[in-house]
2 protein chains.
Amino acid sequence: MNEAKRKRLEQAGWAVGDAAQFLELNEHEARFVEMKLALAAGVRQKRERIGLTQTSLAERLGSSQSRVAKIEAGDRSVSIDLLVRSLLTIGANPAEIAQYIKRAGATRAA
Amino acid sequence: MNEAKRKRLEQAGWAVGDAAQFLELNEHEARFVEMKLALAAGVRQKRERIGLTQTSLAERLGSSQSRVAKIEAGDRSVSIDLLVRSLLTIGANPAEIAQYIKRAGATRAA
DNA sequence: GGGAAATATGTCATATTGGACATAGATTCT
DNA sequence: AGAATCTATGTCCAATATGACATATTTCCC
């Protein structure tokens with residue numbers, strides 16, 4: 001692929017690269033999602049252990065029940081920032097949050 | 001403070017609560033910022049170790065040099081999501097990312 | 001000191017995220 | 001079964017994050 005065509009594709013919103021790059025992107029994306037899901041599971045686990053309902057956690061977060069549901073589902077519209085802030089709000093400390101993230105990579109060869 | 005006034009203040013964008021809640025919020029905010037800074041430092045460290053320039057990392061991220069500078073500065077406009085994606089891009093795995101986060105809480109009593 | 005390369009800072013337009021609401025579905029209790 | 005409580009899903013629009021660009025500042029080498 002020549003430079004001009006590459007530019008055109010990228011301008012149109014395509015990430016252009018070779019197969020290795022493509023696989024790498026997917027791998028990173030997969031890890032990213034796994035981390036989010038691990039944190040989401042952490043939120044649910046801690047909330048239930050504390051005996052909070054989604055609604056009451058939502059109040060503490062200054063948010064809504066529906067968003068808490070999405071947080072715990074690891075919904076696309078939920079950022080890691082929101083997951084982390086949620087965990088801090090229910091009393092997790094950085095070390096605990098780190099544990100969740102560490103767990104996200106545990107099933108794969110590091 | 002009566003309910004009506006509270007509502008008015010909250011409507012105006014004020015989080016209304018008692019002193020303990022206020023301190024707790026600040027503490028969580030502080031931890032959140034520390035986590036971001038720890039991740040930001042991780043990005044810089046790994047980038048430099050690899051011998052990349054901010055511009056070349058920006059290319060890999062599909063972003064710009066200025067944003068990489070902000071990433072490494074832990075700028076307000078940089079989300080943890082972006083920090084994590086940056087770290088994954090320069091070859092950090094979840095376990096390594098967890099280490100950075102764990103470090104963020106290490107100077108304080110857990 | 002001067003030029004080049006690297007990094008930092010400010011701003012803008014666009015894309016993404018988040019809180020809110022409505023409503024659907026699930027679970028539990030009697 | 002059905003009422004009550006809890007959780008899930010979809011949509012809207014306000015707020016925030018992001019890439020891009022321009023430009024300033026710092027660092028390094030000669």
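Keep in mind that what you see is a predicted model, and the values were worked out from it rather than measured.
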message: Let's see if you get this right: which residues in residues 64-89 of chain A place a heavy atom under 4.0 Å from DNA chain D?
response: Q65(A), S66(A), A69(A), K70(A)

query: When rounded to the nearest 0.5 angstrom, what distance separates CZ in F32(B) from OG1 in T89(A)?
result: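 Here the rounded value is 10.5 Å.
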
- prompt: With S66(A), which residues qualify under side-chain hydrogen bond (donor to acceptor under 3.5 Å, both in side chains), at least two apart?
  reply: S64(A)

Non-neighbouring partners of S79(A) that pass side-chain hydrogen bond (donor to acceptor under 3.5 Å, both in side chains), sequence neighbours left out: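 Here no residue qualifies.
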
Which atom of I90(B) lies closest to which atom of I50(B), heavy atoms considered: O-CD1, 3.4 Å

- prompt: Distance-only, no hydrogens or angles: does the K102(B) side chain make a donor-acceptor pair with backbone N or O of I97(B) under 3.5 Å?
  reply: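 Answer holds: no.
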
field: Donor-acceptor contact below 3.5 Å, side chain S56(B) vs main chain L52(B)
entry: no

- prompt: Just how large is the angle between the end axes of the helix from dG1(C)-dC30(D) to dT30(C)-dA1(D), five pairs per end, to 10 degrees?
  reply: 60°

- prompt: On DNA chain D, which is the earliest and which the latest nucleotide, 5' to 3', with an atom closer than 4.0 Å to a heavy atom of chain A?
  reply: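 With heavy atoms of chain A under 4.0 Å away, the range is dC6(D) to dT11(D).
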
message: Exactly one of Q54(A), E59(A), K70(A) should register a side chain to side chain donor-acceptor pair (under 3.5 Å) with Q65(A). Which one does?
response: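 Exactly one candidate clears the test, Q54(A).
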
ILVMFWY network linking L39(B) to L37(B), side-chain heavy atoms under 4.5 angstrom: no

Integer-rounded Å distance: [N] [atom2] and [X] [atom1]:
{"X": "Q54(A)", "N": "dG25(C)", "atom1": "CD", "atom2": "P", "answer": "17 Å"}
{"X": "L52(B)", "N": "dT7(C)", "atom1": "CG", "atom2": "C1'", "answer": "15 Å"}
{"X": "K36(A)", "N": "dT16(C)", "atom1": "NZ", "atom2": "P", "answer": "13 Å"}

message: Could you work out, with salt bridge (Lys or Arg N to Asp or Glu O under 4.0 Å) as the rule, every residue matching R85(A), not counting sequence neighbours?
response: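 Not a single residue meets the salt bridge (Lys or Arg N to Asp or Glu O under 4.0 Å) criterion with R85(A).
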
